[in-house]
Amino acid sequence: IVYSLALLRQRDTSLLGPMCDHVPSRLGEFTPQGIANIVYGLALLRFHADGLMQAFCGAATPMLRSFKTQELSIMVYSCGLLGYKHKVFLEEVSLQSPGMLTDFTEQNISNLVHGLGLLEYRNDFLVQAVCEHTSPRLGGFTAQGLANTTHALGAMRVRGDRCALVP
């Protein structure tokens with residue numbers, strides 16, 4: 001419902017508010033894709049529901065290995081759009097993502113790094129892995145993806161001597 005409302009650009013608080021109150025009691029029923037879709041929908045609507053974000057990030061953290069790269073990157077990007085920092089979730093993302101980078105598309109990498117940049121969250125292990133993995137793939141990035149990734153690395157204060165992606 002949330003993602004559909006977001007696609008329609010309908011920020012109906014009379015529906016979103018009660019839904020956000022109801023969903024945490026049913027977290028066990030959600031797949032990684034369901035979690036990512038709701039969080040992304042909230043982000044597109046700029047609907048801040050800290051209790052629901054806390055519940056979803058808390059539920060997603062132990063199951064990150066079962067997330068597809070798109071689901072993982074869109075979760076981080078959505079957290080960034082909402083300005084929502086969940087420390088344990090972000091730490092786990094920083095541990096899991098480097099081992100998944102070969103499966104990330106340029107859009108996934110851009111979303112991941114852009115979300116982290118919006119949150120001004122930096123993990124040196126993840127930054128180094130992204131820089132090493134992404135540098136040889138720059139030809140496959142769109143101009144927008146490259147701009148978003150570079151801007152986000154700059155927001156994380158990554159210097160050019162540490163990453164070939166940053167001037």
Side-chain angles (χ1 to χ4, degrees), residues 2-3 6-7 30-49 52-167:
V2 176
Y3 185 64
L7 292 177
F30 286 90
T31 63
Q33 182 179 4
I35 292 171
N37 284 348
I38 289 179
V39 172
Y40 186 50
L42 292 172
L44 290 176
L45 292 169
R46 303 301 194 262
F47 190 84
H48 295 267
L52 185 58
M53 290 299 294
Q54 171 71 27
F56 272 139
C57 288
T61 300
M63 55 191 282
L64 279 180
R65 284 191 172 111
S66 64
F67 273 61
K68 293 178 182 163
T69 57
Q70 181 181 12
E71 296 159 350
L72 175 68
S73 66
I74 207 69
M75 280 280 296
V76 175
Y77 178 67
S78 298
C79 287
L81 288 176
L82 291 169
Y84 184 79
K85 275 187 183 177
H86 187 282
K87 184 180 179 195
V88 176
F89 172 73
L90 294 172
E91 287 172 355
E92 191 64 23
V93 165
S94 296
L95 289 174
Q96 297 295 325
S97 296
M100 302 168 69
L101 286 173
T102 57
D103 297 327
F104 273 60
T105 65
E106 68 88 15
Q107 183 67 51
N108 298 152
I109 292 169
S110 178
N111 286 343
L112 175 72
V113 176
H114 192 105
L116 294 171
L118 289 170
L119 294 171
E120 296 180 358
Y121 178 86
R122 178 177 164 169
N123 175 284
D124 288 336
F125 176 69
L126 176 58
V127 167
Q128 190 62 38
V130 166
C131 290
E132 289 174 4
H133 180 78
T134 305
S135 292
R137 297 175 56 186
L138 291 179
F141 273 61
T142 63
Q144 186 66 51
L146 184 56
N148 289 345
T149 302
T150 304
H151 174 72
L153 289 167
M156 288 186 269
R157 295 174 179 39
V158 175
R159 296 188 344 227
D161 61 339
R162 303 237 18 226
C163 183
L165 302 175
V166 181

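From a predicted model like this one, the values you see are computed outputs, not experimental measurements. These values consider heavy atoms only, across backbone and side chains, with no hydrogens, waters or symmetry-generated copies.
Residue Leu126 comes nearest to Ser97 through the heavy atom pair CD1-CB, 3.7 Å, listed as atom of the first residue, atom of the second, then distance. A pairwise comparison of heavy atoms in Gly145 and Ser110 identifies O-OG, 3.5 Å as the closest pair. Considering all non-hydrogen atoms of both residues, Leu112 and Val76 come closest at O-CG1, 3.5 Å. Scanning both residues, Leu82 and His48, for their nearest heavy atoms gives O-CE1, 3.0 Å. Counting all heavy atoms, side chain and backbone alike, Asp103 lies closest to Thr69 at O-OG1, 3.6 Å. Cys57 and Met75 make their closest contact through SG-CE, 4.4 Å (heavy atoms, listed as atom of the first residue, atom of the second, distance).
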Checklist entry - Would Leu64 and Val93 satisfy side-chain contact (heavy atoms from CB on, under 4.5 Å), going step by step from the backbone distance to the final call? => result CA-CA 7 Å; Leu64 279 180; Val93 165; 3.7 Å; yes
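Tyr84 is not listed as a side-chain neighbour of Val39, based on a closest heavy-atom distance of 4.5 Å or more. Counting heavy atoms from C-beta on, the side chains of Thr134 and Val113 never come closer than 4.5 Å. For the pair Arg122/Leu116, no side-chain contact is recorded, criterion being any heavy-atom separation below 4.5 Å from C-beta on. The shortest side-chain heavy-atom distance between Leu119 and Cys79 falls under the 4.5 Å cut-off.
Scanning for side-chain hydrogen bond (donor to acceptor under 3.5 Å, both in side chains) contacts around Gln70 gives an empty result, with sequence neighbours left out. Residues satisfying the side-chain hydrogen bond (donor to acceptor under 3.5 Å, both in side chains) criterion with Thr105, sequence neighbours excluded, are Asn108. Listed by chain and number, the residues in a side-chain hydrogen bond (donor to acceptor under 3.5 Å, both in side chains) with Ser94 amount to none (sequence neighbours excluded). Glu91 is linked by a salt bridge (charged side-chain N to carboxylate O under 4.0 Å, His left out) to Lys87, counting only residues two or more places apart in sequence or in another chain. Residues that satisfy the side-chain hydrogen bond (donor to acceptor under 3.5 Å, both in side chains) test with Glu92, not counting sequence neighbours, are Gln96. Among residues two or more places apart in sequence or in another chain, the side chain to side chain contact (heavy atoms under 4.5 Å, CB included) test is passed with Glu120 by none. Under the ring pair (Phe, Tyr, Trp, His ring centres under 6.0 Å) criterion, Phe89 pairs with no residue, sequence neighbours left out.
Residue pairs meeting the ring-ring contact (aromatic ring centres under 6.0 Å, His included) criterion with at least one partner in residues 101-155, sequence neighbours excluded, are Tyr77-His114. The stretch residues 59-81 participates, sequence neighbours left out, in no salt bridge (charged side-chain N to carboxylate O under 4.0 Å, His left out) pair at all.
For Gln128 and Asp124, the side-chain atoms include no donor-acceptor pair closer than 3.5 Å.
Side-chain N or O atoms of Thr150 include one that pairs as donor or acceptor with a backbone N or O of Leu146 at under 3.5 Å.
For the atom pair CG of Leu52 and CD1 of Ile35, the computed distance is 10.0 Å after rounding to the nearest 0.5 Å.
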